[in-house]
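Note sheet for the following structure.
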Amino acid sequence: MAADDRLEDDELARRLREAHRRVRMLPAHDKERLARRYLSICDQAKRDPKRAAARLETFLASLEDGPSDTPREGLDTPGD
């Protein structure tokens, strides 16, 4: 492994640890779905670190935006 590859792996590992910390702190109803997504990124990091890094960036951005499954109870308007 070249020295540059090792630096990229260290950065990926640091970002994966950050994602793990953030997922761990989520409420239970969000944690299960996002933990499965996180684990699939970790699995891919073993085989294709560059692709995993790209997926991780998207994942972390989605955590910044907050949960995408907004509860709609009480917000729907009655139909005709």
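- In this structure, the side chains of Arg22 and Leu60 come closer than 4.5 Å at one or more pairs of heavy atoms.
- For residues 37-46, the salt bridge (charged side-chain N to carboxylate O under 4.0 Å, His left out) pairs, not counting sequence neighbours, are Asp43-Arg47.
- In this structure, the side chain of Tyr38 engages the main chain of Leu16 through a donor-acceptor pair within 3.5 Å.
- Scored by the ring-ring contact (aromatic ring centres under 6.0 Å, His included) test, Phe59 finds no partners at all (sequence neighbours excluded).
- When each of Arg36, Lys31, Glu18 is checked for a side chain to side chain contact (heavy atoms under 4.5 Å, CB included) with Val23, only Lys31 meets the rule.
- In terms of heavy atoms, Arg55 sits closest to Ser40 at NH2-OG, 3.0 Å.
- Expressed to the nearest 0.5 Å, how far CD of Glu32 lies from CG of Leu26 amounts to 12.5 Å.
- In this structure, CZ on Arg15 lies 14.0 Å from CG on Asp10, to the nearest 0.5 angstrom.
- Summarising the geometry, atom CE belonging to Met25 is positioned 14.0 Å from atom CG belonging to Asp30; distances are rounded to the nearest 0.5 Å.
- Summarising the geometry, atom CG belonging to Leu34 is positioned 10.0 Å from atom NE2 belonging to His29; distances are rounded to the nearest 0.5 Å.
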